[in-house]
Amino acid sequence: MPNRAIVFTSAALLAACSVSRVSDGPTTREHRTIALAKAEVARVKVDVGAGTLQVRGGAPTLLEADFAYNVPEWKPSIEQNTFGSAVEIAVTQPSKSIAVGRPENRWDLALNDTVPVEVEAHLGAGEAKLELGRLRLRDVKISVGAGRVDLDLRGTPAQSYKVEVEGGVGQATIYLPATVAISAMATGGIGSVEVQGLERADGRWRNPRVTSGPVTIGVDVHGGVGQVRLIAE
């Protein structure tokens, strides 16, 4: 099985939004669930054009999803495919049209803590809070067009995994566990990098308290992110 993780990916704002404009309306709320079944690996991809995204653990099923939106064209789509013991889930916003008025688009996704997961997330614009530290992560990929992303990986990981964050503009804050080895790098058109709890060594930021061990989290941040914060605690 390829070593990938559930990733939430975001495209750049101009790529995420079409030139067509739509109007807002009454807020629609939906709850959707995907059963745990016999999944041994989950690959989750999230693609939202603009709005607020929250991803966390704690779901008794494979996925618990709550949506609130007031633009009918933004109705989320969930697709599920099974390949042997692996389940692939795609949660997408089919229309990326620009809304006029007071648009609302909130996604709250909960994932199961026990199934190894690969996460890929795309956020065009808005805010994303990804609390993934309690999950059994295999790989994480985040793409942000414009806005703010808080990626919380604090926890007790049982295996090594890689994290890739690609940004356009805005802010990205990544919280890392101080109990495992960390190897982080920020490259590209980065505006500023603030680091806490890590030390510079051999061109990368590393955890001085854990220089080696069975678990290492590799972090690569690249692109035009305006501000990057790496915090190990």
Side-chain angles (χ1 to χ4, degrees), residues 2-12 42-46 53-57 111 113 116-124 126-233:
N3 183 25
R4 298 178 301 165
I6 300 180
V7 181
F8 292 88
T9 310
S10 40
R43 300 174 185 137
V44 179
K45 180 177 181 179
V46 179
L53 170 66
Q54 180 172 357
V55 183
R56 53 188 172 82
L111 304 172
D113 296 344
V117 62
E118 303 170 1
V119 179
E120 179 178 351
H122 299 263
L123 177 67
E127 295 187 2
K129 186 175 183 179
L130 313 177
E131 300 175 313
L132 309 182
R134 64 188 292 178
L135 302 176
R136 293 184 61 187
L137 295 172
R138 289 162 53 100
D139 188 68
V140 177
K141 294 180 181 178
I142 310 294
S143 174
V144 185
R148 174 175 176 171
V149 173
D150 287 342
L151 175 58
D152 193 342
L153 301 172
R154 289 172 294 187
T156 55
Q159 67 178 47
S160 300
Y161 62 90
K162 292 183 179 180
V163 179
E164 181 179 347
V165 178
E166 180 177 0
V169 296
Q171 297 179 329
T173 301
I174 304 173
Y175 297 93
L176 300 162
T179 56
V180 301
I182 303 294
S183 176
M185 177 177 287
T187 59
I190 305 297
S192 64
V193 179
E194 177 184 339
V195 180
Q196 299 178 26
L198 302 175
E199 292 183 353
R200 190 78 167 173
D202 300 325
R204 301 186 71 90
W205 295 99
R206 301 185 184 277
N207 184 356
R209 286 177 279 183
V210 184
T211 57
S212 63
V215 176
T216 299
I217 299 177
V219 181
D220 282 295
V221 183
H222 53 89
V225 177
Q227 181 184 36
V228 175
R229 300 175 66 209
L230 299 173
I231 303 174
E233 58 184 19

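All values below were derived from every heavy atom in this structure, side-chain atoms included, with hydrogens, water molecules and symmetry-related copies excluded.
Atom-to-atom distance recorded for L53:CG and I142:CD1 is 8.5 Å, nearest 0.5 angstrom. Of the inter-residue distances, the one linking L135 atom CG with L111 atom CG reads 5.5 Å to the nearest 0.5 angstrom. Atom OG1 in T173 sits 11.5 Å away from atom NZ in K129 (nearest 0.5 Å). To the nearest 0.5 angstrom, L153 atom CG is 11.5 Å from Y175 atom OH. Taking CG of N207 as the reference point, atom CD of E199 lies at 9.0 Å (rounded to 0.5 Å). The CD atom of Q54 sits 5.5 Å away from the CD atom of E131 when rounded to the nearest 0.5 Å.
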Worked check of salt bridge (charged side-chain N to carboxylate O under 4.0 Å, His left out) between D220 and R204:
CA-CA 10 Å; D220 282 295; R204 301 186 71 90; 3.4 Å; yes
With side-chain contact (heavy atoms from CB on, under 4.5 Å) as the test, would you mind laying out the steps for V210 and T179 before giving the verdict?
CA-CA 7 Å; V210 184; T179 56; 5.7 Å; no
Applying side-chain contact (heavy atoms from CB on, under 4.5 Å), run through V193 and V195 and close with a yes or a no.
CA-CA 6 Å; V193 179; V195 180; 3.7 Å; yes
Intermediate values then yes/no, side-chain contact (heavy atoms from CB on, under 4.5 Å), V221 and I174:
CA-CA 10 Å; V221 183; I174 304 173; 3.8 Å; yes
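Nearest heavy atoms, G203 versus M185: O-CE, 3.4 Å. R206 and A201 get closest at one heavy-atom pair: NE-O, 3.5 Å. The shortest non-hydrogen separation linking I231 to R229 is CD1-NH2, 3.4 Å. Scanning all heavy atoms of the two residues, the minimum distance from P214 to S160 falls at O-OG, 3.5 Å. Considering all non-hydrogen atoms of both residues, V215 and Q159 come closest at CG1-O, 3.7 Å. The minimum heavy-atom distance linking P157 with I217 is given by the pair CG-CD1, 4.3 Å.
R148 CZ: 12 or fewer foreign heavy atoms inside a 6.0 Å radius.
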